[in-house]
Asker: 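Starting off with a structure, shown below.
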Amino acid sequence: MAAPDYLICLNCENPTYNFEWGDGGVEQALCEVCGNDEPDQFVTEEDFDAIVDEKH
């Protein structure tokens, strides 16, 4: 998968452009809104939409 333009922070649901993407996905990320820096707490827009759809 090619690197996305941005990721969405699952903590505050804001986009972040400050991340490193590798073969396995998110390697590092930082949300400048809430300070979250846990790579597993960031998803692509497509993955976020899938999570939101599951809740409805």
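These numbers were taken from a predicted model, which means no experiment stands behind them. One-based numbering along the sequence shown.
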Asker: What distance separates Thr44 OG1 from Leu7 CG, expressed to the nearest 0.5 Å?
Answerer: 7.5 Å
Asker: Do the side chains of Val33 and Val43 join up, straight or via other hydrophobic residues, at under 4.5 Å, putting them in one cluster?
Answerer: no
Asker: Between Cys31 and Thr16, which heavy-atom pair has the shortest distance, and what is it?
Answerer: CA-OG1, 4.1 Å
Asker: Taking all non-hydrogen atoms of both residues, which atom of Phe19 and which atom of Pro4 are closest, and how far apart?
Answerer: CZ-O, 3.2 Å
Asker: Hey, are the side chains of Val26 and Trp21 touching, using non-hydrogen atoms and a 4.5 Å cut-off?
Answerer: yes
Asker: Between atom CD of Glu13 and atom CD1 of Ile8, what is the distance when rounded to the nearest 0.5 Å?
Answerer: 8.0 Å
Asker: Work out which heavy atom in Phe42 is nearest to a heavy atom in Asn36; give both atom names and the distance.
Answerer: CZ-O, 3.4 Å
Asker: Between Pro39 and Gln28, what is the shortest heavy-atom contact and its length?
Answerer: CG-CA, 4.4 Å
Asker: What are the two closest heavy atoms between Asn11 and Cys34, and how far apart are they?
Answerer: ND2-SG, 3.3 Å
Asker: Out of curiosity, Gln41 CD to Cys12 SG, how far, rounded to the nearest 0.5 Å?
Answerer: 11.0 Å
Asker: Should we say atom CG of Asp40 is surrounded by more than 12 heavy atoms from elsewhere, each under 6.0 Å from it?
Answerer: yes
Asker: Ignoring hydrogens, what is the shortest heavy-atom contact between Ile51 and Leu10? Give both atom names and the distance.
Answerer: CD1-CD2, 4.2 Å
